[in-house]
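Okay, structure first, notes after.
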Amino acid sequence: MTWSESRCGLSCWRPANSDFASQAATNGATLCAIQSVISRCRSVTSGPVSVGLRHRGGIWPPLLPPCPDLPVAMVRTRFAPSPTGYLHIGGVRTALFNWLFARKHGGQFLLRIDDTDQQRNVEAALKPILDGFRWLGIDWDEGPEVGGPHAPYYQSQRSARYQTAVDRLLESGAAYRDFAKTEEVQAEREAAKKEERTFVYSRRFMAETDAQAAAFESEGRQGVVRIKTPRDGTLVIDDLVRGRVEFPWANEQDHVIQRADGTCLYHLASVVDDFDFQISHVIRAEEHLSNTPRQVFIAQALGYPLPQYAHLPYVAEPGSKTKMSKRKLDKYLKNVDFKKVNDQGLKIAQAIGLTTSAETFNPVIVDFYEQVGYLPDAIINYLLLLGWSLDDKTEIFSRDAMIANFSLERVNKAPASFDPQKLVSFQERYMNALPLKQKVALVLPYLQRAGLISSPPPCDTGPRLSAVLTAAGDRIKVAGDILECREFFVADDALEYDEAAFQKRLRDAPESVALLRKFRDRLATVEPFDVPTLEAALNEFVAAEGIKVAQIIHALRVALTGKGVGFGLFDTLAILGRESSLARIDRAVAKLAAS
RNA sequence: GCCCCCAUCGUCUAGAGGCCUAGGACGUCGGGUUCUCAGCCCGAUAACAGGGGUUCGAAUCCCCUUGGGGGUACCA
């Protein structure tokens, strides 16, 4: 049996215990696949490696004897953003899976910029994307800013490579110059549609010789280059997540690979780059599955070994299975959970004086989360579980744990819809686990940008912020939530009151106010002014007056913070200190008297 | 239209023919705890798209239907 005959999954395992170690499907002839399987085995064992077929339900005896001398191919993956000016959350998921796969197998992850279509300002449009990846902790071994042995990593700078490929394709007859006008092809397409058959270009304006080309050109026609797609036979792809997929060649088009102006199109460029960059695994979104045949055709015509393909399901819209796009923001905002996350972000952005536009600031775009104060680890953890799972219970993964456990085998086939609520739940868990010191550092810039703390901060900021964050506990879900606690950072005479709370707890509650005035004098002498002493003092006061705690505590909270809801009352008093507490009670009482 | 992919609670998922009376998480709804809020604890709700096979036995394998998604560009 030869490898090219094998269309089954390839596996390898540790001979010692036959433990299943790693699996890869192979697309017919790719030696690269075998090498990659072996290299993956190398990462888990140092002994001899057997390669054989894996069958659902069991491992079959090895078909090849251990062959330790086979060259070990490096795992190299890539993510290819186009410079659009923002980093889409779905793109991050794809990049994450590429990154995890490379890291898991000790390979490289690279970034290549798909700017065949863009003209200017690529750098500016790229910056938010690179910043986003950096913020998320997804690092790249080769690509923009870091360079690498295969530079340049911008498609716009690689046209010479593409031209060489086009020339070779033309020379071998795998591609041809075509002089049809757009309308002429369009007419054929419509005719096919009318007759309910698959459109196949007639090649009526195909020029296979220079003389033919010259003749067309003399008519004033302009030539593009098309691939000469086979018209019969079937292409079989063994996709690492979808398994065996077959495409009849007859349904494929003679796609254009080079425009009349000499610029090349994505499919050509992508195939050439993947070869040049020695990409071993092409891991990308499902939208490219149907595009794979034309890419395979180009690669094979060029004599390139094929990479392994893995097509990931989409990240779908909240509550739907449609691919998520930032263009349909209006629609997503009708989803209550999505809107909630969006509105909270907007509120924080406004409080820190951030000018936002829906284009670049919304929950589909990564920058949103950074600005609002989410934790990168929470987002990564959430995204990891969108289409992948380890088992039926593990949910929290450190970076090391996700790298150690990730595998393409466990990627789901069905699209997963983006659930803002679940993301928030991860964020809460991570925020909660964050050490106080880091929380302080995370939150401080928000207070500064909102003008509540100067920059550089006064020296009592650290302790006060720590005290506030401790008292706040899990009320701070994202860093920007600290702005909900502004009452601890404003001057006593600048405190704002929630009118509804003021009405309910003070104006409409004269008996509470009377108690408040009385307790104020007690507060003036409590020593020390700390939580246990304050609590004891209040309990004593309540007992002496024969009242319930609730009769005074709410009034006191409104007087101190201006709000009806907040931290524990004794925490609040202790943080404010005696002086502020008394001043605020006096101010509230005065306000009451004034109205 | 044609081609390709997909299908388990509202959502993310576990599930490799008997461990399934289908498990976990998020959400939702009750109850408890606390000075409010947040949290926490306890409980409940809720799914194998439909129909045919194969098999002693099907969420799991096969076929059909339905539904969803993607492709069919001189976009990426």
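All of these numbers come straight from a predicted model, not from anything done at the bench.
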remark   = Under a 4.0 Å heavy-atom criterion, the protein footprint on nucleotides 18-34 of chain B, written with B, S and -, is -----BSBSS-------
ask   = Is A:Arg475 side chain donor-acceptor paired with the B:C37 base, going by distance under 3.5 Å alone?
value = yes
message = On RNA chain B, does the nearest nucleotide to A:Lys193 precede the nearest nucleotide to A:Ala472 from the 5' side, or the other way round? Give the residue.
response = A:Lys193
query = In terms of the nearest nucleotide of RNA chain B, which residue is placed more toward the 5' end: A:Gln258 or A:Ala192?
reply = A:Ala192
ask   = Do A:Phe133 and A:Phe79 make the cut of ring centroids closer than 6.0 angstrom?
value = yes
task = Determine which nucleotide pairs with B:G30, using a 3.5 Å limit on both distances of a Watson-Crick or G-U wobble pair.
result = B:C42
query = When you measure from the side chain of A:Lys477, which nucleotide among B:C4, B:U13, B:A38 comes out closest?
reply = B:A38
ask   = Rounding to the closest angstrom, what is the interatomic distance between B:G43 and B:C61 at atom P?
value = 34 Å
note = Per side chain to side chain donor-acceptor pair (under 3.5 Å), A:His311 is matched among A:Arg284, A:Lys413, A:Arg242, A:Glu287 by A:Arg284
query = Heavy atoms under 4.0 Å, any strand shown: does A:Ala414 hit a base, just sugar-phosphate, or nothing?
reply = sugar-phosphate
request  = For A:Glu195, report the nucleic acid contact type (base, sugar-phosphate, nothing); a contact means any heavy atom under 4.0 Å.
outcome  = nothing
query = Would A:Glu395 and A:Lys422 count as a salt bridge (Lys or Arg N to Asp or Glu O under 4.0 Å) if you check the C-alpha gap in whole Å, the side-chain angles of each, and the deciding distance to 0.1 Å?
reply = CA-CA 11 Å; A:Glu395 288 221 302; A:Lys422 192 138 186 176; 3.6 Å; yes
query = Roughly how far, to the nearest 0.5 Å, is CG of A:Asp337 from CG of A:Leu423?
reply = 11.5 Å
task = Using a heavy-atom cut-off of under 4.0 Å over every strand shown, decide if A:Lys548 touches base, sugar-phosphate, or nothing.
result = nothing
query = Base, sugar-phosphate, or nothing: which does A:Arg242 touch, judged by heavy atoms less than 4.0 Å apart?
reply = sugar-phosphate
request  = Answer with base, sugar-phosphate or nothing: what part of the nucleic acid does A:Phe570 contact at a heavy-atom distance below 4.0 Å?
outcome  = base
request  = Indicate yes or no for a side-chain donor-acceptor contact from A:Arg475 to the backbone of A:Ala472 under 3.5 Å, with no hydrogens or angles considered.
outcome  = yes
request  = Check side-chain hydrogen bond (donor to acceptor under 3.5 Å, both in side chains) between A:Asp498 and all other residues, then give those that pass, not counting sequence neighbours.
outcome  = none
inquiry  = Using side chain to side chain contact (heavy atoms under 4.5 Å, CB included), reason through A:Asp254 and A:Asp178 one step at a time and then give a plain yes or no.
reply    = CA-CA 10 Å; A:Asp254 284 1; A:Asp178 180 60; over 6 Å; no
request  = Before giving the answer on side chain to side chain contact (heavy atoms under 4.5 Å, CB included), spell out for A:Arg177 and A:Leu170 the whole-Å C-alpha distance, their side-chain angles and the decisive distance to 0.1 Å.
outcome  = CA-CA 8 Å; A:Arg177 297 191 71 193; A:Leu170 245 16; 4.3 Å; yes
Euclidean distance for C1', B:A59 against B:G1 (whole angstrom) = 34 Å
inquiry  = Using atom C1' in both nucleotides, what's the gap between B:C41 and B:U34 to the nearest angstrom?
reply    = 13 Å
ask   = What does A:Gly319 touch in the nucleic acid at a heavy-atom separation under 4.0 angstrom: a base, only the sugar-phosphate, or nothing?
value = nothing
task = Determine the contact category for A:Val549: base if any of its heavy atoms lies under 4.0 Å from a base atom, sugar-phosphate if only primed atoms, P, OP1 or OP2 are that close, otherwise nothing.
result = sugar-phosphate
query = Does A:Arg226 get its side chain close enough to the base of B:C74, under 3.5 Å, for a donor-acceptor pair?
reply = no
task = Examine distances only and state if a side-chain atom of A:Arg226 and a backbone atom of A:Tyr176 form a donor-acceptor pair shorter than 3.5 Å.
result = no
task = State whether A:Arg259 places a side-chain N or O below 4.0 Å from either non-bridging phosphate oxygen (OP1 or OP2) of B:A73.
result = no
request  = For B:U66 versus B:C29, give the span between their P atoms, rounded off to a whole number of Å.
outcome  = 39 Å
query = How far, in whole Å, is B:U60 from B:U54 if one measures between their C1' atoms?
reply = 13 Å
query = In Watson-Crick or G-U wobble terms, both distances under 3.5 Å, what is the partner of B:A25?
reply = B:U11
request  = Using the test side-chain hydrogen bond (donor to acceptor under 3.5 Å, both in side chains), find all partners of A:Glu188 that sit at least two apart in sequence or belong to another chain.
outcome  = A:Ser202
message = Using a 4.0 Å heavy-atom cut-off, does A:Phe247 contact any base of the nucleic acid, only the sugar-phosphate backbone, or nothing at all?
response = sugar-phosphate
task = Could you tell me whether the side chain of A:His255 has a donor or acceptor atom within less than 3.5 Å of a complementary atom in the base of B:A73?
result = no
request  = For B:C48, give its Watson-Crick or G-U wobble partner with both distances under 3.5 Å, or none.
outcome  = none
ask   = Are the ring centres of A:Phe397 and A:Phe406 closer than 6.0 Å?
value = no
inquiry  = What's A:Arg284 touching, base or sugar-phosphate or nothing? Going by heavy atoms closer than 4.0 Å.
reply    = nothing
query = What do you reckon, are the aromatic ring centroids of A:Tyr266 and A:His255 less than 6.0 Å apart?
reply = no
task = Please work out if A:Gly473 contacts a base, only the sugar-phosphate, or nothing of the nucleic acid, heavy-atom cut-off 4.0 Å.
result = nothing
note = Closest of B:G15, B:C5, B:G39 to the A:Asp474 side chain is B:G39
request  = Would you please name every residue forming a side-chain hydrogen bond (donor to acceptor under 3.5 Å, both in side chains) with A:Asp274, sequence neighbours left out?
outcome  = A:Arg78, A:Arg112
key: Where protein sits on nucleotides 65-71 of chain B, one letter per nucleotide: B base, S sugar-phosphate only, - none, heavy atoms under 4.0 Å   = ---SBBS
inquiry  = Considering every strand and a 4.0 Å limit on heavy-atom distances, what is the contact class for A:Thr182: base, sugar-phosphate, or nothing?
reply    = base
inquiry  = Can you confirm whether A:Gln163 is buried at CD, in the sense that more than 12 heavy atoms of other residues, nucleotides or ligands lie under 6.0 Å from that atom?
reply    = yes
query = According to the Watson-Crick and G-U wobble definitions, with both distances under 3.5 Å, which nucleotide is paired to B:C56?
reply = B:G18
Nearest to side-chain heavy atoms of A:Ser82, which nucleotide of B:A76, B:C2, B:C35 = B:A76
Scan nucleotides 45-47 of chain B against the protein and return all N/O pairs shorter than 3.5 Å with their distances rounded to 0.1 Å.
none

